[in-house]
Amino acid sequence: MAKTQPSEHWQKVRMFAEKWQWQDKRTGLMTVGYNPPPGVQKLSRVPFFVRYVTKKGRLESGMVISLEVDRRKHLRRIKFVNSGEIRFIWDFLIVDIDGTRIYG
């Protein structure tokens with residue numbers, strides 16, 4: 001086991017949080033990527049596990065889907081998969097995504 005956990009800068013959150021999943025027309029296989037081609041079938045966001053700090057300083061976590069991103073403010077609107085609750089989180093308050101530590 002590695003002594004240090006892999007980590008990324010908070011500006012690379014997009015690589016982890018903004019993935020799409022769709023069915024490929026040629027092969028019929030489910031494909032994951034960032035820019036889906038136009039007119040694909042079964043287009044959906046890929047859920048991811050996030051752990052983040054709220055404005056009040058509480059640590060929260062859960063499986064979420066990224067709904068909307070404001071890149072100028074580094075603000076992201078997420079929806080929890082289990083409860084359906086929608087929240088806003090700041091990119092620089094994210095602790096880890098899918099087990100990869102995000103540091104600022």
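For clarity, every value in this text was computed on a predicted model and none was experimentally measured. The first residue in the sequence is number 1, and the count goes up from there.
There is a path of hydrophobic side-chain contacts, each under 4.5 Å, that joins Val13 to Phe92. Residues Ile89 and Ile86 fall into different hydrophobic clusters, defined by Ile, Leu, Val, Met, Phe, Trp and Tyr side chains chained together at heavy-atom separations under 4.5 Å. Using a 4.5 Å cut-off between side-chain heavy atoms of Ile, Leu, Val, Met, Phe, Trp and Tyr, with links allowed through other members, Ile65 and Met63 fall into the same hydrophobic cluster. A continuous path of ILVMFWY side-chain contacts below 4.5 Å connects Leu75 to Ile97, so both sit in one hydrophobic cluster.
Atoms CH2 and NE2, from Trp90 and His74 in turn, are 9.5 Å apart once rounded to the nearest 0.5 Å. Atoms OG and CD, from Ser44 and Gln23 in turn, are 11.0 Å apart once rounded to the nearest 0.5 Å. In this structure, the separation between OG1 on Thr54 and CZ on Arg87 is 8.0 Å, given to the nearest 0.5 Å. Taking CG from Asp96 and OH from Tyr52, the interatomic distance works out to 12.5 Å, rounded to the nearest 0.5 Å. If you take NZ on Lys79 and CG on Leu67, they are separated by 7.0 Å, rounding to the nearest 0.5 Å. Residue Arg101 holds its CZ atom at 12.5 Å from CD1 of Ile94, rounded to the nearest 0.5 Å.
Residues Val95 and Val53 have side chains in contact (heavy-atom distance under 4.5 Å, counting atoms from C-beta outward). By the 4.5 Å heavy-atom criterion applied to side chains, Ile102 and Phe16 are counted as neighbours. Using a 4.5 Å cut-off on side-chain heavy atoms (C-beta onward), Lys42 and Trp22 make no contact. Considering only heavy atoms from C-beta on, Thr31 stays 4.5 Å or farther from Gln21 through its side chain. Between Trp20 and Val32 the shortest side-chain heavy-atom distance does not fall below 4.5 Å. Considering only heavy atoms from C-beta on, Met15 comes within 4.5 Å of Tyr34 through its side chain.
The shortest non-hydrogen separation linking Phe80 to Ser61 is CE2-O, 4.0 Å. Considering all non-hydrogen atoms of both residues, Ser66 and Ala17 come closest at CB-O, 3.4 Å.
Contact check on Arg45 versus Glu18 returns no salt bridge, with no Lys/Arg side-chain nitrogen under 4.0 Å from an Asp/Glu carboxylate oxygen. The residues Arg76 and Asp91 are annotated as salt-bridged, a charged nitrogen and a carboxylate oxygen being separated by less than 4.0 angstrom.
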